[in-house]
4 protein chains.
Amino acid sequence: MSEIKKIGVFTSGGDAPGMNACIRAVVRTAVFYGVEVVGIRRGYQGMLESDFWDMDARSVGNIIHLGGTILKTARCTEFMTDEGTEKAYNNLKEYGIDALVAIGGDGTARGAERLSNRFKIPTICIPGTIDNDLYGSDFTLGYDTATNTVIEAIDKIRDTAASHNRLFFIEVMGRDSGCIALRSGIAGGAEAVLLPERATGVDELISKLSVDAKNKKTSSIVIVAEGDKSGGAYQLAEHVKEKFNFYDIKVTILGHLQRGGSPSSFDRVLASRLGFAAVKELLNGKTRQMIGLRGNSIVLTPLEEALNASHFKLEDDLMEMVSVLSI
Amino acid sequence: MSEIKKIGVFTSGGDAPGMNACIRAVVRTAVFYGVEVVGIRRGYQGMLESDFWDMDARSVGNIIHLGGTILKTARCTEFMTDEGTEKAYNNLKEYGIDALVAIGGDGTARGAERLSNRFKIPTICIPGTIDNDLYGSDFTLGYDTATNTVIEAIDKIRDTAASHNRLFFIEVMGRDSGCIALRSGIAGGAEAVLLPERATGVDELISKLSVDAKNKKTSSIVIVAEGDKSGGAYQLAEHVKEKFNFYDIKVTILGHLQRGGSPSSFDRVLASRLGFAAVKELLNGKTRQMIGLRGNSIVLTPLEEALNASHFKLEDDLMEMVSVLSI
Amino acid sequence: MSEIKKIGVFTSGGDAPGMNACIRAVVRTAVFYGVEVVGIRRGYQGMLESDFWDMDARSVGNIIHLGGTILKTARCTEFMTDEGTEKAYNNLKEYGIDALVAIGGDGTARGAERLSNRFKIPTICIPGTIDNDLYGSDFTLGYDTATNTVIEAIDKIRDTAASHNRLFFIEVMGRDSGCIALRSGIAGGAEAVLLPERATGVDELISKLSVDAKNKKTSSIVIVAEGDKSGGAYQLAEHVKEKFNFYDIKVTILGHLQRGGSPSSFDRVLASRLGFAAVKELLNGKTRQMIGLRGNSIVLTPLEEALNASHFKLEDDLMEMVSVLSI
Amino acid sequence: MSEIKKIGVFTSGGDAPGMNACIRAVVRTAVFYGVEVVGIRRGYQGMLESDFWDMDARSVGNIIHLGGTILKTARCTEFMTDEGTEKAYNNLKEYGIDALVAIGGDGTARGAERLSNRFKIPTICIPGTIDNDLYGSDFTLGYDTATNTVIEAIDKIRDTAASHNRLFFIEVMGRDSGCIALRSGIAGGAEAVLLPERATGVDELISKLSVDAKNKKTSSIVIVAEGDKSGGAYQLAEHVKEKFNFYDIKVTILGHLQRGGSPSSFDRVLASRLGFAAVKELLNGKTRQMIGLRGNSIVLTPLEEALNASHFKLEDDLMEMVSVLSI
């Protein structure tokens with residue numbers, strides 16, 4: 001067993017549903033094993049300001065179902081300077097925090113790598129981002145919830161779509177990653193999905209929609225990731241409008257509602273398992289690892305490897321399915 | 001009792017949650033009283049094309065909970081010509097339809113008024129539109145569901161808002177009516193609501209948000225009706241951005257998802273009551289009436305009166321509450 | 001304007017969705033008008049223990065959408081003794097609380113009447129109970145949310161019902177009041193609704209179900225209020241099982257999940273309006289009133305009158321509709 | 001490529017959310033590859049009655065989001081006789097159906113194995129059951145949706161639980177499998193989970209609840225699988241009541257609402273992938289396989305192997321987590 005006496009836990013970067021369930025798991029597992037646990041508010045910013053919270057089992061009561069993060073989050077540039085990193089470490093040291101669990105996305109993991117590399121503080125990262133764009137886990141916290149949020153929107157639009165000749169463009173999150181767009185497009189039964197990872201020309205889209213119209217589809221739904229190269233949903237709608245004057249074209253921009261909401265069962269279980277395992281692995285002497293779920297197993301990936309790997313995760317069969325299943 | 005033998009029922013204009021529950025009530029009440037009932041598909045367009053469906057009690061099984069309308073809907077300009085109206089009436093007559101229940105918004109009621117005025121076919125209108133902009137009923141079908149849809153979106157955004165210094169603009173439906181914006185703004189706890197009925201200058205909004213910032217509100221949500229005079233949510237966001245550089249400003253355009261979704265309990269009960277009463281009133285000899293709910297009572301308003309009345313429905317206390325309750 | 005300087009607000013009895021939205025409205029309206037406001041935790045029990053919380057506008061931030069009550073609730077018998085009432089009053093007086101807003105059901109209102117009658121402390125009651133069994137308001141806080149919760153359950157059961165020959169009994173809340181059962185039965189499209197207010201014999205139920213079976217209904221849903229005289233859902237299922245061996249009979253007991261959940265748009269607006277108006281009326285010198293919504297108007301009813309009136313609220317048309325609309 | 005010309009698809013046994021999404025994927029993939037596809041209504045019963053439906057791409061429009069199964073389902077004993085199996089096969093042959101996709105649980109797979117073993121008709125099984133009790137796939141269709149349904153119920157109960165000293169027993173589905181109970185217990189933050197796979201004595205439960213009470217938990221939620229050996233939730237409540245008179249004990253029996261509801265994003269993607277792959281594998285000459293998802297890969301398991309394997313699937317870490325995370 002390790003010498004770890006006080007674990008610091010924090011969330012950083014964009015918040016994601018499931019972060020609270022994960023904090024709960026970290027805190028209660030630490031308490032269960034007789035280790036102290038400190039919540040660091042607002043991520044790296046909170047480290048720089050010693051914004052610490054001594055937590056116990058009751059601190060995380062009744063939060064498993066809440067979206068957002070009770071530890072708040074922030075983006076912090078000062079930490080990324082050498083002075084910033086040192087100041088953060090000194091604050092941790094002064095408070096007796098001798099190990100870290102970092103919950104967040106790519107930027108969070110880079111910060112954790114920086115800190116643990118330079119100051120050798122045992123650190124485990126938990127992938128928490130709705131974009132599912134991290135290497136080391138099949139799923140990141142919040143991704144399942146976000147796709148459920150998107151399909152609820154699609155379902156509602158489908159109700160009204162079925163009564164009219166209409167073409168709907170729905171813009172979803174994903175600046176660099178088409179994961180949300182692709183999975184929710186499949187699950188929502190969309191006619192087309194436009195992703196940052198793949199250039200779909202406007203011509204290709206128009207051609208697909210023309211075939212659908214010939215096949216007597218009376219309405220169509222197109223999912224557009226915000227990072228798609230052909231411009232956002234509004235711009236696409238403009239392009240397409242010229243060709244399809246028989247369609248009434250409508251646009252929805254889901255925006256930040258995709259980040260919120262009560263986490264799904266899947267995300268809560270994932271969050272609980274990763275938080276639980278992260279503390280156990282720290283106590284087992286592990287450090288500088290990304291912890292994740294592969295299949296049904298908890299796996300560790302060295303942080304350096306995880307950060308350098310491509311996180312391209314679009315399942316091969318899904319892209320093919322978009323066109324086959326929407327005939 | 002009347003001589004009515006065959007009632008035609010149709011939905012027209014924009015679809016609204018609760019229309020199916022209403023169709024079900026009309027059909028089953030007619031069947032119960034031994035009257036035939038015919039579904040007219042795609043509103044006035046379907047009248048012109050004799051797109052008729054002989055319905056029975058089983059035709060409306062298992063639809064009470066579905067959004068949209070199984071009778072479809074359409075906008076139809078031909079009907080509004082004298083020839084169109086006559087053709088429609090002749091098709092109805094030929095098929096033996098001797099009374100009508102029309103479900104829809106303002107345009108639907110105008111069409112029904114036109115037809116029943118000219119050809120004396122007994123007609124009752126049921127107010128069905130998410131905008132709540134009809135005279136004759138405290139609530140129109142779909143309005144309650146739409147506001148529930150909007151507050152679910154606001155709640156999700158609130159989760160992420162609480163973790164950051166952020167200002168959110170959420171654009172909701174309502175070209176001429178601020179009903180959805182106002183009620184969902186109150187129910188969502190929004191900091192400000194911008195309506196078509198009232199000019200809120202950008203300056204006034206900025207002033208309110210400045211006070212909030214001083215009062216240590218860390219995030220704010222502004223609801224903008226699409227018909228607001230200061231431009232849509234995007235344009236407002238641009239204006240405000242210049243003044244609030246400490247806020248991260250985000251925009252959501254809910255669009256047509258507000259039209260869909262399973263109707264709320266309130267809308268289903270309302271739809272059932274109005275559909276049930278509409279048939280009974282027709283059989284009692286009533287015609288050219290808008291049927292509605294006032295308080296807990298079913299009331300009739302002559303169509304002509306309903307169409308000429310102002311449908312300005314913003315409850316006095318609500319507008320005042322927006323600013324008082326968001327301090 | 002009155003001399004009121006410090007308002008106490010509390011929730012008591014069974015909790016109901018919308019109580020938090022109401023507390024928020026009371027607190028912020030008081031603050032807006034420059035009056036102090038104190039939260040009394042756990043209702044009358046908290047009065048006896050001086051469990052007081054000085055609240056400000058920020059105390060009620062981010063709670064409008066939460067079920068339950070941040071002021072907690074309790075049932076308290078000691079308060080109903082003469083000594084208890086006096087002790088409670090002395091605690092209020094000592095803390096400077098010179099007016100009360102009481103949120104709760106029948107028992108809460110009786111307690112408030114007792115206190116304000118004996119000690120002349122200005123008091124307004126807000127009807128908060130999912131049962132809708134109070135006189136003075138068309139709707140009580142939580143009722144709309146509860147019926148939405150019930151119909152979501154019915155809708156899910158309907159999915160599976162449609163695939164099998166099945167008869168479902170769903171037991172809902174309502175020991176003395178059939179309001180939840182009736183409205184959710186209508187909105188859920190139930191084949192029968194059994195209420196405490198009306199004796200439906202098992203024979204009558206069996207006869208209705210037999211007719212449905214002849215009419216080729218393949219599945220049926222029966223809503224049973226817990227206070228129904230023929231026994232709960234399980235007992236009914238037993239009785240019916242003997243007659244319908246071709247049906248697979250299933251029972252669901254919804255229980256306390258009907259008390260929870262995020263309040264609906266309707267309940268949040270109602271809660272906000274009543275809380276806002278309650279404070280204004282107190283400041284206008286009103287006391288010993290039940291405040292409620294009738295139609296679209298806020299109305300006051302003297303507490304004594306409200307408590308003595310029959311609160312039988314089943315809308316006449318609804319009971320008739322249950323059988324007509326489920327043919 | 002195979003000689004397959006006409007694929008029959010059916011659902012059988014208990015229905016599960018995602019079955020419609022799966023039927024859609026099977027039908028459209030077949031159409032895409034130029035193969036005819038026939039829906040067999042009510043499973044094996046429909047085979048015996050030649051209840052066939054020639055489907056095309058439009059037959060499965062607008063169903064991806066619906067619970068239940070448009071092909072209906074039934075339990076059928078006649079098929080399990082030698083004569084029944086032969087009659088079913090002859091009906092299939094006569095209609096030209098030369099391959100099968102069977103969607104359902106254990107009994108469905110046994111029937112498919114029986115038919116394909118005896119008559120060599122190419123057959124792929126897709127695991128569809130909310131219980132997750134089949135070998136060959138990490139997840140079965142409907143399981144994710146069912147656990148989401150359960151946690152929504154738990155969340156609502158938690159709202160009211162937090163206001164009172166209360167102990168809640170929630171009975172969930174699972175006669176032989178504790179999968180739903182365990183995952184929803186973890187995701188719902190339950191204090192204890194009682195499963196058929198493991199005997200938890202009433203004494204053990206009482207001891208855990210006593211510790212919680214000492215740790216100042218003010219309310220507790222216990223999840224009971226219907227197949228738990230200590231009796232259902234009501235019986236447990238009775239036993240526990242004697243020991244905990246300071247708790248108000250409440251029971252909820254979720255029942256068949258767990259089978260319904262719109263499938264989750266996860267279930268729709270799973271259903272689409274398995275349906276898509278099933279047709280491709282049939283066309284590739286595969287037969288008598290259970291198709292499933294392991295990790296992120298589609299895998300085939302010979303039917304015989306799948307049916308003989310233990311389907312005990314409780315993840316090791318989850319059981320341990322129940323007690324650690326609810327301290």
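Throughout, protein chains are lettered first and strands after them, A, B, ... in sequence-line order, and every chain is numbered starting at 1.
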If we define contacts as heavy-atom pairs under 4.5 Å, which of C:Thr149, C:Ile154, C:Asp159, C:Asn148 has the most with chain B? C:Asn148
Heavy-atom closest pair (B:Ile291 atom, B:Ile126 atom, distance to 0.1 Å) is CG2-CG1, 3.7 Å
How would you list, by chain and number, every residue that makes a salt bridge (charged side-chain N to carboxylate O under 4.0 Å, His left out) with C:Arg58, sequence neighbours excluded? none
Side-chain heavy atoms of C:Met55 within contact of C:Ile70, under 4.5 Å: yes
Is it the backbone or the side chain of B:Leu325 that comes under 4.5 Å from a heavy atom of chain C, or both, or neither? both
Between B:Lys250 and B:Thr160, a side-chain donor and acceptor under 3.5 Å: no
Side-chain heavy-atom pair B:Cys179, B:Asp131 within 4.5 angstrom cut-off: no
Listed by residue number, which members of residues 262-273 of chain B have a heavy atom under 4.5 Å from any heavy atom of chain C? B:Ser262, B:Pro263, B:Ser264, B:Ser265, B:Phe266, B:Arg268, B:Val269, B:Ser272, B:Arg273
Would you check if B:Ile298 and B:Leu293 make a side-chain contact, meaning some heavy-atom pair closer than 4.5 Å? yes
Can you name the closest pair of heavy atoms from C:Leu254 and C:Leu257 and give their distance? O-CG, 3.4 Å
Note: vs chain C, highest number of non-hydrogen pairs under 4.5 angstrom among B:Val27, B:Thr147, B:Asp155 is B:Asp155
Test item: C:Glu197 and C:Met319 side chains (from C-beta on) under 4.5 Å apart, heavy atoms: no
Report which part of C:Ser184 has an atom under 4.5 Å of a heavy atom belonging to chain B: side chain, backbone, both, or neither. neither
Would a 4.5 Å heavy-atom cut-off, applied to side chains only, mark B:Ser326 and B:Lys208 as touching? yes
Chain C contacts, top residue of B:Val31, B:Asn62, B:Asp144 (heavy-atom pairs, under 4.5 Å): B:Asn62
Between B:Asn20 (side chain only) and B:His65 (backbone N and O only), is there a donor and an acceptor less than 3.5 Å apart? no
Contacting region of B:Leu318 [heavy-atom separation from chain C under 4.5 Å]: side chain
Chain C: which of B:Ala161, B:Ala57, B:Ala187 shares the most heavy-atom pairs with it under 4.5 Å? B:Ala187
Under a 4.5 Å heavy-atom cut-off, does chain B meet the side chain of C:Ile186, its backbone, both or neither? both
Best-contacting candidate, C:Ile64, C:Val150, C:Thr29, C:Val60, against chain B by heavy atom pairs under 4.5 angstrom: C:Ile64
Check: B:Val9 and B:Ile103 side chains under 4.5 Å, non-hydrogen atoms: yes
Using non-hydrogen atoms and a 4.5 Å limit, figure out which bit of B:Ala21 sits close to chain C: side chain, backbone, both or neither. neither
